[in-house]
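Letters A, B, ... are given to chains in the order of the sequence lines, protein chains preceding strands, and every chain is numbered from 1.
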Amino acid sequence: MSAEPIAPALLAWYRENGRLDLPWRQTRDPYALWLAEIMLQQTQVKTVLPYYQRFLQRFPDFERLAAADIDEVLHLWTGLGYYARARNLHACAKVIVTEHGGRFPADPAVAMSLPGIGRSTAHAILASAYDQDWAILDGNVKRVLSRYHAFAGDPASSEGQRLLWSLAEAETPVNAAHDYNQAIQDLGATLCSRSKPSCALCPLQPGCQAYLQGLTAQLPRRPERRQMPVRLAWLSIIEDGQHRVLLQRQGPAGLWGGLWTLPQRARDELEGPSEAAQGFAADLGLHLQVAGALPAARHTFTHFHLDYIPLLMRSMGTKGIRDAKDLAWVSPADPGRRGLARPTERILHQLAGTGQPKLW
DNA sequence: AATACGTGGTG
DNA sequence: TCACCAAGTAT
């Protein structure tokens, strides 16, 4: 690192232009800061804000969260995505209460050993809660540092990680990590954006190697593109005759882990409406309506095949359906305080409104 | 080391 | 429409 240190200009800029009004910047409560850091992983501020307020109101401290039902924790997380964060959050609160006296550990190594807390998150919390001088390295910091130092390597490689961490630590000022960490994130989230950065307004422009060399648009280097896998799933809407529908809890890992969804099968397991469903439909003289058939992108199911099966329940004989522990009949209008996968939530909403799922 | 994990917004 | 992006961690 040969250029000027960035902290002085960055901190001066932050005092005038930082987003000082963000709710997690109005507190030094380790619990609130921890919650914010977890929610902000891979998630933008605008998305987090309403979730943060609701969550903090319902679970204001480690003790309350540790004592909570996981269903309600996931309920408050519904729609935020990356649900392992919510499961880890709950587990982490329990560990903090039972093994750390209800106080967030002040040692970064101990903090990092907690579920859901990696190096950057641990450092962010300790810097803001306890005024410790730890560097952070998230997407914003990587982008700012990659540009300022014209780092053209692969940020995802182990060597790239190591180099970026060393840059991050070298730039983090002594006795001011708290403000500095916020400042560099704000810069990355506003002026030093991925596309079309506002270099004309940037306080780091005079020493920015990417800017001086005209490399801003090329840095940081993008990771290799991967083929986007297409997944299809069959979701079954199964009613019980009282306008309640069957939900099934997903296993603890994998997509929507711990959440409730409409009963589903991946396409590779099932080509079309299940034989069982077809059989029951035929027995009862009902038509099995395949309501929609559209492709899905990546691991986000934007479209579904829907088996619309308005049949009476008792006859379902699959293994999953017998396991009542992970099954629930719910009213689409009031599915209860359980974590719902977003697409399932949307379909329930449609059912509650019109009685028919809207196809998309 | 490479991959899985969500969702809403954007150009 | 659709690829890509946004305050990473766990395995």
Side-chain angles (χ1 to χ4, degrees), chain A residues 18-19 22-25 33-52 74 77-89 91-92 111-125 127-128 135-145 154-162 164-165 168 181-190 192-197 220 222-231 233 250-259 261 294-303 339-346 360:
Chain A
R19 297 176 295 180
L22 297 176
W24 43 87
R25 291 191 179 154
L33 293 166
W34 163 66
L35 176 65
E37 289 300 331
I38 301 300
M39 285 190 166
L40 287 163
Q41 288 169 1
Q42 301 289 285
T43 312
Q44 296 182 342
V45 165
K46 185 187 172 189
T47 303
V48 164
L49 282 170
Y51 286 87
Y52 177 78
L74 289 169
W77 210 272
T78 290
L80 248 195
Y82 286 130
Y83 299 98
R85 293 185 295 173
R87 301 194 301 272
N88 285 332
L89 193 83
C92 186
M112 252 180 279
S113 73
L114 296 168
I117 299 181
R119 184 175 176 184
S120 191
T121 298
H123 287 188
I125 296 168
S128 53
I136 61 171
L137 186 62
D138 57 25
N140 286 322
V141 178
K142 282 180 190 170
R143 188 166 52 257
V144 171
L145 294 180
D154 177 4
S157 70
S158 56
E159 187 182 337
Q161 292 280 345
R162 192 175 49 73
L164 287 168
W165 266 111
N181 287 345
Q182 314 300 327
I184 193 169
Q185 285 183 295
D186 272 9
L187 188 78
T190 58
C192 197
S193 49
R194 185 25 138 153
S195 60
K196 298 184 189 174
R222 297 186 177 193
E224 303 281 325
R225 284 208 188 92
R226 296 189 188 295
Q227 180 77 33
M228 211 182 297
V230 172
R231 283 197 221 161
Q250 298 303 113
L255 190 66
W256 299 322
L259 274 65
T261 73
L294 295 163
R298 201 174 172 79
H299 44 261
T300 301
F301 291 94
T302 50
H303 307 293
L340 298 179
R342 192 61 128 190
T344 291
E345 187 184 47
R346 284 208 288 251
W360 72 90

Nearest whole Å is fine: how far is dT10(B) C1' from K196(A) NZ? 10 Å
May I have the distance from R222(A) (atom CZ) to dC5(C) (atom C1'), rounded to whole angstrom? 9 Å
Can you tell me how far P of dG9(B) sits from CG of L80(A), to the nearest Å? 13 Å
When rounded to whole Å, the CD to P distance for the pair E159(A) and dA2(B) reads 13 Å
dA6(C) phosphate, OP1 or OP2: any side-chain N/O from R143(A) under 4.0 angstrom? yes
Give V45(A) one of three labels, base, sugar-phosphate or nothing, depending on what nucleic acid heavy atoms sit under 4.0 Å from its own. base
From dA1(B), dT7(B), dG6(B), pick the nucleotide closest to the side chain of S158(A)? dA1(B)
For the P atoms, the ones on dT9(C) and on dG8(B), what distance do you get once it is rounded to whole angstrom? 23 Å
Output the rounded distance in Å from CD (Q44(A)) to C1' (dG9(B)). 7 Å
So, do M112(A) and H123(A) sit near enough that their side-chain heavy atoms are less than 4.5 Å apart? yes
If you compare every side-chain N and O of W256(A) against the phosphate oxygens of dT7(B) (OP1, OP2), does one of them come in below 4.0 Å? yes
Whole angstrom value for the distance that separates P of dA6(C) from CD of Q185(A): 13 Å
Might you list the N or O atoms of the protein lying below 3.5 Å from N or O atoms in nucleotides 8-11 of chain C, with each pair's distance?
unit_1: dG8(C); atom_1: OP1; unit_2: Q42(A); atom_2: NE2; d: 3.4
unit_1: dG8(C); atom_1: OP1; unit_2: G139(A); atom_2: N; d: 2.9
unit_1: dG8(C); atom_1: OP2; unit_2: Q42(A); atom_2: N; d: 2.6
unit_1: dG8(C); atom_1: OP2; unit_2: Q42(A); atom_2: NE2; d: 2.4
unit_1: dG8(C); atom_1: O5'; unit_2: Q42(A); atom_2: N; d: 3.3
unit_1: dG8(C); atom_1: O5'; unit_2: Q42(A); atom_2: NE2; d: 3.2
unit_1: dG8(C); atom_1: O3'; unit_2: T121(A); atom_2: OG1; d: 3.3
unit_1: dT9(C); atom_1: OP1; unit_2: G118(A); atom_2: N; d: 3.0
unit_1: dT9(C); atom_1: OP1; unit_2: T121(A); atom_2: N; d: 3.0
unit_1: dT9(C); atom_1: OP1; unit_2: T121(A); atom_2: OG1; d: 2.6
unit_1: dA10(C); atom_1: OP1; unit_2: G116(A); atom_2: N; d: 2.4
unit_1: dA10(C); atom_1: OP1; unit_2: I117(A); atom_2: N; d: 3.3

Residue Y83(A), side-chain atoms from C-beta onward, closest of dG8(B), dC5(C), dG6(B): dG6(B)
Contact class for W77(A) vs. all strands (heavy atom < 4.0 Å): base, sugar-phosphate, or nothing? nothing
Round to the nearest Å and state the distance from L187(A) atom CG to dA6(C) atom P. 14 Å
Can R85(A) and Q41(A) be said to form a side-chain hydrogen bond (donor to acceptor under 3.5 Å, both in side chains), step by step? CA-CA 9 Å; R85(A) 293 185 295 173; Q41(A) 288 169 1; 5.0 Å; no
Could you tell me how far apart L259(A) (CG) and dC5(B) (P) are, to the nearest whole angstrom? 13 Å
Find out whether T78(A) and Y51(A) are in side-chain contact, i.e. whether some heavy atom of one side chain is under 4.5 Å from a heavy atom of the other. no
Check whether any side-chain N or O of R346(A) sits under 4.0 Å from OP1 or OP2 of dG8(B), and answer yes or no. yes
Is any side-chain heavy atom of W256(A) closer than 4.5 Å to one of T344(A)? no
